Structure formats: C-alpha cells, structure tokens
Visitor: 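The structure is given below, and queries will be raised subsequently.
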Amino acid sequence: MSSEFFPNVAERIGFGGLTSTEPLAFKVYEPDRMVLGKRMEDHLRIAVCLWHSFNWPGTDVFGSGTFDRPWLEGTAEPMEAARAKLEAAFEFIAKLGAPFYCFHDRDIAPEGATFAESAANLDAMVDVAAEHMERTGARLLWGTANLFSHPRYAAGAATNPDPEVFAYAAAQVRQMLEVTHRLDGANYVLWGGREGYETLLNTDLRREEEQLARFLTLVAEHKHRIGFTGTLLLEPKPQEPTKHQYDYDSATVQGFLARHDLLDEYRVNIEVNHATLAGHSFHHEVATAIAIGLFGSVDVNRGDYQNGWDTDQFPNSVDELSLALYEIVRTGGFTTGGFNFDTKLRRQSMDRYDLFHAHIGGIDTLARSLLVAADMIESGTLEGPRIERYAAWDTGIGAEILGGGASLAQLGDRVAAGGIEPRPRSGRQEELENAVNQRIWSADRQP
Ligand code: XLS
Ligand code: NI
Ligand code: NI
C-alpha cells in the first residue's frame with residue numbers, strides 16, 4: 001500500500017467556480033463564503049461517513065466487492081488493516097476539506113473473539129483516530145454502535161427476546177458513548193436497524209416497546225453520568241433490514257418518546273432515503289421534525305424513484321434539497337447536527353477517485369441549495385404568503401378560540417346566530433411553486 005492513497009489530489013480540493021472544467025474542484029462550495037451572516041461551512045457542517053465510504057467493498061446481494069480498498073482485502077492483519085483504513089479515511093477527509101466525520105465502533109476496529117478483545121481493539125483504534133483528528137483538525141459529528149451486523153443481533157438488540165443480547169448491546173453502547181465523549185463528538189446516534197420485526201406471529205409488541213424504552217432511558221442516564229453534552233439522536237427508518245422498524249418516521253418517534261417521558265433526551269437524525277422509504281418527502285420529514293421540536297441532524301443521500309430500497313445515492317437535486325435547507329435555515333439552522341454523507345457509490349464506481357467526485361457533487365448540491373434557501377428567506381417568497389394565510393388566528397375569533405375563550409357550545413351558538421360566514425380562499429399553490437422555481441433559477445450564482 002502506498003503511503004498516500006489519493007496522490008492525484010495534491011493537498012485540498014479547491015474552488016473552481018461555475019465555469020470550471022476541473023472535475024476535482026468545487027463549483028459552488030466555498031467554506032468561508034458568508035451566507036445570511038454565517039460561513040457556508042458552518043451552515044452545512046459536512047461529515048464523511050466511514051462505513052459506506054471506507055468500510056464497504058462494493059458488495060451487493062448478488063456479487064462480491066468491486067472497489068479499490070486494499071485494507072478490506074483480508075490479507076493484512078486486522079489491526080494493521082484498521083490503521084491503514086483510518087489513514088486513507090483521514091487523508092480523504094482532509095483533502096476534501098470536510099470539517100467532520102462519523103463512524104460506528106466496528107468501522108474503525110475489528111470485532112475480537114470476546115467482548116473484552118473487541119473493546120481493547122476499539123480503545124487502541126480510538127487513540128489512532130484521536131491522533132488523526134489532532135493532525136488534520138477533523139472533528140467528530142457523531143459516533144454510533146453497530147448493533148445490527150453480528151448474528152447475535154439478528155432478532156434485534158434492545159428488542160431481542162433474549163435479555164443477554166440487550167446486555168451485550170448495552171455494553172457496546174456504553175463504550176461507544178464514552179468514546180464519542182472522549183473524541184468530543186457533537187452527537188451520538190442510535191439507529192435501530194434490527195429493532196423491529198420480521199413477522200408478528202412471534203413478536204410481542206408491548207414487551208419490545210418496553211425493552212426499547214428501557215434501553216434508551218439507560219443510554220440517556222449514562223450520557224448524564226459521564227457528562228457528555230452532545231445530543232442523543234434517534235434515526236428513523238420504516239424498514240430494511242427488518243420488515244418493520246419501530247422508529248418508522250419522526251412523528252412515530254415523537255409518540256414513542258412522549259409515551260416514555262424521553263422527549264427532553266432525544267432528537268432525530270433524518271435520512272433522506274429513509275423519509276422516502278416511509279412514503280414521505282425529505283422536505284416533509286424535516287418540516288415535521290422542526291414543527292414538533294425534534295430536529296437534530298441529517299444523513300444526506302437520495303433514493304431512486306424506480307426502486308423501493310435504501311440505495312443511499314449521493315444527493316444531486318437542488319430542487320429537492322433547497323426546500324429542506326429552507327426549513328432548516330429559516331428556523332436557525334443546525335445546533336449540534338450537520339449533513340452527514342451516509343451515501344454509497346454505485347458498485348461500478350470502483351475507482352478510488354469516484355469517492356471524491358461523489359462527495360464534491362453532493363457538497364456542491366448542498367451549497368447551491370443553501371444559496372437558494374437564503375434567497376427565499378431574504379425575499380420572503382414563502383414566508384409572506386404563509387403569515388398572511390394564518391393572520392386571522394391572531395385577532396378576533398381566532399385568538400379567542402386558541403386562548404380557550406370559546407366553548408364548543410358558544411361557537412355553535414354564534415354560528416347559529418349568523419355573522420360567521422367563512423369565505424374559501426385560494427391556497428395559491430401553483431403561484432408559490434412558480435415563486436420557488438424562480439428562486440432556484442435565479443438565486444445568486446457567484447460572489
Ligand atoms: C442505515 C442507516 C445507518 C445509520 C447508522 O440505513 O442509515 O447507516 O445511519 O447506523
Ligand atoms: Ni443513516
Ligand atoms: Ni440508511
């Protein structure tokens with residue numbers, strides 16, 4: 001293995017602008033560019049994920065790995081391969097200029113023969129990661145534990161019928177939460193990939209809900225015990241790998257948290273392709289999470305309109321992302337969250353530089369969407385009509401109803417007495433769609 005994995009990128013991907021013909025250059029993303037009083041980099045908080053980008057060889061259910069990833073070839077000693085993987089990952093993160101990264105425990109350290117061995121492997125690799133972070137300035141957006149790959153988790157982690165599996169998962173999360181704290185992570189994520197069911201014939205829904213609530217309560221308690229101040233995030237997904245996952249979407253998660261008095265402890269990490277798998281748009285999930293006070297972070301990718309699974313492609317639609325960015329930026333933007341590239345190359349994209357092309361395109365798409373969102377905010381394209389649409393609730397009968405000053409009977413009597421005669425008004429949908437398009441077509445293209 002060469003000392004450098006990406007020698008064709010000298011130091012850092014530069015800014016080329018919209019007329020640039022250099023594929024390995026940003027066309028829109030300029031970290032220091034000010035947008036609505038904040039640096040682009042600070043708005044977007046881009047993260048590279050270590051699983052799909054550095055720990056997946058390009059396998060699919062029909063075929064073996066196709067990617068050029070020397071450390072995954074199985075010839076090297078596992079810990080040596082793990083070190084090589086981190087070297088390549090941090091070289092990539094630094095050259096891309098991404099301020100953050102994310103990982104699962106098993107992405108950076110191999111599982112050992114016993115829990116103690118796995119834990120020691122992880123501790124050793126965390127020392128290595130800490131050195132890379134120090135050297136490159138890259139920060140941890142979030143850490144998480146892999147509670148879905150090993151056969152012990154086939155029937156779930158916290159929701160497993162076997163309490164020993166619950167205990168094992170607890171041990172893993174305890175260590176990863178402490179690791180995330182040690183690396184000064186901004187968030188900790190729990191994605192319940194196997195927390196769900198394959199068939200209701202063998203599933204006790206009531207028990208599994210209680211188990212999951214207990215698990216998440218223990219995690220929150222431990223967070224406070226160790227003084228971790230980052231945000232705990234649940235990542236909703238409706239299905240895959242299980243037929244049904246309990247954290248179906250943001251609204252479902254909200255109901256669960258409310259039932260178990262956990263609303264203050266958790267927020268959501270919304271993934272674009274999970275939203276669409278749930279039958280929602282990404283825009284819907286972001287707007288809903290914000291409206292119910294649960295918005296935390298984003299795994300930014302996209303699905304394919306022609307198939308129904310989590311294809312995790314790199315985002316490339318400004319039309320779709322602009323609307324989500326609009327919701328995020330107009331309500332104050334990310335606090336601890338960011339845009340994590342939980343994204344997979346296509347299996348034929350086997351060249352190592354495809355990783356750069358994919359991330360550059362995704363980051364530029366986000367940057368351009370940010371400019372459109374800022375333009376919509378500044379021009380009041382949507383906000384003006386929205387305020388006007390609900391204005392009647394601020395005074396008169398509207399304020400009376402919301403203030404609790406009118407009973408059902410009183411409202412009934414007033415309507416019966418006459419004088420209340422609602423007049424339907426246009427929702428102006430097409431006019432607003434045109435206004436959004438106008439912003440997409442015209443928002444400031446270059447400083
Ligand atoms: C899988 C999830 C997973 C989480 C982290 O669909 O997106 O990658 O983000 O465990
Ligand atoms: Ni994800
Ligand atoms: Ni996913």
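In this text the structure is predicted, and so the values were computed from the model without any measurement. Both ligands and their constituent atoms are indexed starting at 1 by order of listing.
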Visitor: For ligand 1 and H52, I'd like to know whether there is a polar contact (N/O to N/O, distance under 3.5 Å).
Guide: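 No: no nitrogen or oxygen of H52 is under 3.5 Å from one in ligand 1.
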Visitor: Do any N/O atoms on D310 end up under 3.5 angstrom from N/O atoms on ligand 1?
Guide: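 Yes, there is a polar N/O contact under 3.5 Å.
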Visitor: Would you call the rings of H132 and F90 parallel, tilted or perpendicular, taking 30° and 60° as the class edges?
Guide: parallel
Visitor: Start with the C-alpha gap between D105 and Q172, add the side-chain angles, then the distance that decides, and say whether side-chain hydrogen bond (donor to acceptor under 3.5 Å, both in side chains) holds.
Guide: CA-CA 8 Å; D105 46 2; Q172 246 183 280; 2.8 Å; yes
Visitor: Under a 4.0 Å heavy-atom limit, does E240 contact ligand 1 with its side chain, its backbone, both, or neither?
Guide: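 None of E240 does.
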Visitor: Using a strict cut-off of 4.0 Å, indicate which atoms of ligand 1 neighbour a heavy atom of K237.
Guide: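 Near K237, the atoms of ligand 1 are 1 (C), 6 (O).
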Visitor: Heavy-atom contact check, 4.0 Å cutoff: does H274 meet ligand 1?
Guide: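 In this structure, H274 qualifies as a contact of ligand 1 - some heavy atom is under 4.0 Å.
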Visitor: For the Ni ion (ligand 2), give me the closest N/O/S atom belonging to D342, just the atom name.
Guide: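 Per the distance ranking, D342 contributes OD2 as its closest N/O/S atom to the Ni ion (ligand 2).
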Visitor: Are the side chains of W191 and N269 in touch, meaning some heavy atoms are under 4.5 Å apart?
Guide: no
Visitor: Starting from atom 8 (O) of ligand 1, which protein heavy atom do you reach first, and at what distance in Å?
Guide: D342 OD2, 2.9 Å
Visitor: Backbone or side chain, does any N or O of H104 fall under 3.5 Å from an N or O of ligand 1?
Guide: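 Such a contact does occur with ligand 1.
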Visitor: Is the closest basic N to carboxylate O distance between R83 and E87 below 4.0 Å?
Guide: no
Visitor: Do side-chain atoms of R267 reach the backbone of T231 as a donor and acceptor pair under 3.5 angstrom?
Guide: no
Visitor: If you consider just the N/O/S atoms, which atom of E235 is the closest one to the Ni ion (ligand 2)?
Guide: OE2
Visitor: Is the positively charged end of R152 above the ring of Y168, judged by distance under 6.0 angstrom from the centroid and angle within 45° of the axis?
Guide: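 Yes - R152 lies over the ring of Y168, closer than 6.0 Å to its centre and within 45° of its axis.
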Visitor: Specify which N/O/S atom of D310 comes nearest to the Ni ion (ligand 3), by atom name.
Guide: OD2
Visitor: Measure from the Ni ion (ligand 3) to every N/O/S atom of H274 and report the name of the nearest one.
Guide: NE2
Visitor: Taking atom CG of L355 and atom CZ of F5, what is their separation to the nearest 0.5 Å?
Guide: 8.0 Å
Visitor: Would you compute the distance between atom CG of L177 and atom CD of Q175 and round it to the nearest 0.5 angstrom?
Guide: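 It comes to 11.0 Å.
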Visitor: Hey, are the side chains of N273 and R302 touching, using non-hydrogen atoms and a 4.5 Å cut-off?
Guide: no
Visitor: In terms of atom number and element, which parts of ligand 1 are under 4.0 angstrom from non-hydrogen atoms of E235?
Guide: 2 (C), 3 (C), 4 (C), 7 (O), 9 (O)
Visitor: If you look at E271, which of its N/O/S atoms is nearest to the Ni ion (ligand 3)?
Guide: OE2
Visitor: For ligand 1, is there an N or O atom under 3.5 Å from any N or O atom of D299?
Guide: yes
Visitor: Report the atom name of the nearest N/O/S atom of D299 relative to the Ni ion (ligand 2).
Guide: OD2
Visitor: Determine the interplanar angle of the Y246 and Y197 rings, folded into 0 to 90°, and report it as parallel if under 30°, tilted if 30 to 60°, perpendicular if over 60°.
Guide: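 Rings of Y246 and Y197: tilted, 30 to 60°.
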